[in-house]
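In listed order, ligands and their atoms are each counted from 1. Residues: numbered from 1 along the sequence shown.
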Amino acid sequence: MSQAIKPLVPKTDVVLMGAGIMSATLGIILKELNPDITIQIIERLDVAGTESSDAWNNAGTGHSAFCELNYTPQKADGSIDISKALKIAEQFEVSREFWSYLVEKKYVGNPADFISAVPHLSFVWGNNNVGFLRKRYDLLRTSPLFSDMSYSEDKTQISTWAPLVMHGRDESQPVAATKMDAGTDVNFGALTRSMIRCLEKMKGVTVHYNVEALDLDPDGKGGWDVFTRNLLNEEKDKCNTKFVFIGAGGATLHLLKRAEIKERKGYGGFPVSGLWLKCLNEKIIQQHDAKVYGKATVGAPPMSVPHIDTRMIDGKKELLFGPFAGFSTKFLKNGSLMDLPKSIKFDNLLPMVFAGIKNVPLTKYLISQLKLTHEDRVAALREYVPNAQSKDWQLLEAGQRVQVIKKDKKEGGILEFGTEVVVSEDGTVAALLGASPGASTAVAAMLGILPKCFVKQSKSEVWQQKLKEMTPSFGVALSKDEHLLKETRQRTAKILGLGKN
Ligand SMILES: Cc1cc2nc3c(=O)[nH]c(=O)nc-3n(C[C@H](O)[C@H](O)[C@H](O)COP(=O)(O)OP(=O)(O)OC[C@H]3O[C@@H](n4cnc5c(N)ncnc54)[C@H](O)[C@@H]3O)c2cc1C
């Protein structure tokens with residue numbers, strides 16, 4: 001759907017660069033906290049939520065660490081660290097609360113259009129991996145967040161959880177699986193578009209499609225002049241604002257580098273593209289009803305953990321396997337091949353070189369991934385779906401993830417796989433870098449910006465009360481508050497139509 005060109009508003013309180021899940025979330029939060037606030041959203045494409053946030057461009061996993069083994073890393077001494085899993089699980093509950101608030105307020109329509117109950121399974125084979133999963137399960141289930149998790153090494157039991165994964169499997173192979181029924185599949189693209197539509201109807205908000213943010217300069221009065229180009233007629237324009245959020249996905253790094261703030265220094269980015277195998281056979285799609293995550297291959301980045309996923313996209317059940325890694329120098333799927341070379345600056349050159357040297361296994365992994373043929377990819381799929389036939393699967397391009405590289409005193413430069421919010425000292429600019437756990441934790445990430453950028457208002461009684469209304473558990477360790485966890489899960493499951501989950 002093409003959008004009409006709207007002239008920029010000369011001055012607003014807030015400019016959100018990019019109309020992905022992050023900007024959409026921050027926009028609604030700010031508008032709820034202060035209904036008088038004026039916001040301008042600048043989006044280079046003609047539709048919101050069609051870059052990384054789009055359903056086909058990400059895995060749609062409501063990341064809650066129920067199945068993702070990379071959130072519970074095993075240390076050199078064999079012990080397993082579950083702290084990240086607890087944090088992510090808590091953050092996802094906050095997202096569920098916020099989305100429930102949106103549904104109750106009728107800001108978004110039918111929740112089934114963006115969220116579905118899909119069990120989350122971890123599945124491993126081989127004695128070492130089975131031992132790891134059992135240990136992980138024993139640790140996790142002590143937390144109320146994971147107390148509903150089931151564990152099995154019994155092949156018949158696992159066959160009932162994931163028949164496609166067990167059918168045709170070597171009988172002698174030791175296997176184990178965990179299952180969480182509270183897992184979800186989320187269509188972040190549909191959710192983003194609903195939220196942006198809601199914002200568009202709010203007083204004091206304008207959304208400008210086909211407009212690219214080019215630069216931002218301090219206006220000398222504590223605010224920012226934002227420079228843009230209309231991509232339909234090439235006209236340049238400018239507007240003024242008190243606060244800028246750079247939510248441009250992979251392109252955030254470019255814009256952050258243009259903001260004259262000292263915090264921009266030392267950041268670089270490394271793009272990793274994703275590819276799926278999409279199932280074309282309706283009979284097979286119907287045989288699977290889970291998100292089944294396995295263990296990453298040695299050298300693979302944590303977000304490249306293979307998984308075979310039931311997806312609900314635009315009312316249709318789908319089945320995707322991946323992601324396989326690809327390499328492109330673009331920072332956005334709809335970006336330019338010059339994105340990576342252009343991002344290399346004097347201040348991030350050394351961190352990027354050091355990060356490159358330290359990540360040789362990743363480079364090797366990416367090269368090996370690039371060499372894969374369709375048959376090689378189907379062979380990888382057969383580790384999860386032993387009876388997979390290559391004719392039933394088609395290659396599909398996913399989104400781009402720009403991993404954060406940053407200066408590090410000890411290492412010179414490090415490559416990170418998480419999400420990082422960079423905020424200027426005076427709180428007038430915030431930027432979101434990285435993409436993992438990503439969209440699932442957008443609400444916690446955006447709420448985290450408030451005390452840094454809206455310092456006084458955040459402490460006010462009015463904001464505090466509204467924040468509690470939108471996200472009752474924000475700031476509470478749900479892993480330690482079993483009662484609140486139970487209450488919030490039951491309530492949000494009901495509102496979001498997730499059954500007993
Ligand atoms: C393969 C893959 C799998 C993933 N799986 C999951 C998952 O299972 N669960 C999960 O929670 N997350 C997942 N993620 C991460 C998740 O998709 C991202 O964290 C999230 O979508 C990022 O949202 P965003 O709003 O920051 O960026 P985006 O959705 O990319 O939005 C940025 C917007 O900014 C616009 N833009 C860019 N430059 C400019 C400019 N100069 N001016 C104006 N507009 C601009 C873009 O067009 C775009 O619309 C995955 C990502 C990938 C790539």
Side-chain angles (χ1 to χ4, degrees), residues 15-27 41-64 67-68 88 91-92 95 120 183-189 191-193 195-196 207-216 226-231 245-256 258 271-276 291 293 301 303-305 307 309 311 320 322-326 331-336 339 396-403 417-419 421 431-443 445-446:
V15 165
L16 304 174
M17 293 179 173
I21 187 87
M22 299 295 170
S23 291
T25 305
L26 184 60
I41 304 174
I42 295 167
E43 169 54 54
R44 70 193 285 271
L45 299 179
D46 59 0
V47 184
T50 47
E51 267 291 338
S52 283
S53 299
D54 190 70
W56 293 106
N57 289 341
N58 61 65
T61 305
H63 282 306
S64 24
C67 57
E68 309 85 341
I88 290 168
Q91 288 180 334
F92 190 67
S95 292
H120 283 193
T184 51
D185 179 69
V186 186
N187 183 334
F188 292 109
L191 177 61
T192 304
R193 286 184 282 281
M195 287 200 276
I196 294 283
V207 186
H208 304 269
Y209 296 97
N210 301 302
V211 176
E212 188 167 49
L214 299 175
D215 199 356
L216 59 162
V226 171
F227 299 87
T228 64
R229 177 177 49 213
N230 189 308
L231 297 174
F245 172 65
I246 313 177
T252 294
L253 181 67
H254 282 317
L255 290 160
L256 174 65
R258 304 212 65 115
V272 179
S273 6
L275 296 165
W276 309 119
K291 281 176 178 276
Y293 274 59
M303 75 286 173
S304 289
V305 171
H307 42 99
D309 275 8
R311 303 288 311 275
L320 298 188
F324 295 94
F331 279 3
L332 296 167
K333 202 168 166 179
N334 295 287
S336 149
D339 284 342
L396 197 75
E397 198 189 333
Q400 284 289 101
R401 274 196 261 219
V402 178
Q403 310 300 334
F417 295 102
T419 306
V421 180
L432 185 123
L433 296 171
S436 184
S440 301
T441 52
V443 182
M446 295 302 102

To the nearest 0.5 Å, tell me how far S95 OG sits from H63 NE2.
11.5 Å
Between CG of L320 and CG of L275, what distance do you get to the nearest 0.5 Å?
12.0 Å
If the threshold is 4.0 Å, N to carboxylate O, is there a salt bridge linking R229 and D215?
no
Going by the rule side chain to side chain contact (heavy atoms under 4.5 Å, CB included), which residues pair with E43 if we only count those two or more places apart in sequence or in a different chain?
A19, L45, Y209
For E51 and N334, which I'm curious about, is there any donor-acceptor pair between the side chains at under 3.5 Å?
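Checked: E51/N334 side chains pair up, N/O donor to acceptor below 3.5 Å.
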Mind checking what residues have non-hydrogen atoms under 4.0 angstrom from ligand 1?
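Near ligand 1, by chain and number: G18, A19, G20, I21, M22, I42, E43, R44, L45, E51, S52, S53, N57, N58, A59, G60, T61, H63, F188, V211, E212, A213, G247, A248, G249, A251, L255, L332, A398, G399, Q400, R401, A435, P437, G438, A439, S440.
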Quick one: sort the Y293 and H307 rings into parallel, tilted or perpendicular, breaks at 30° and 60°.
parallel
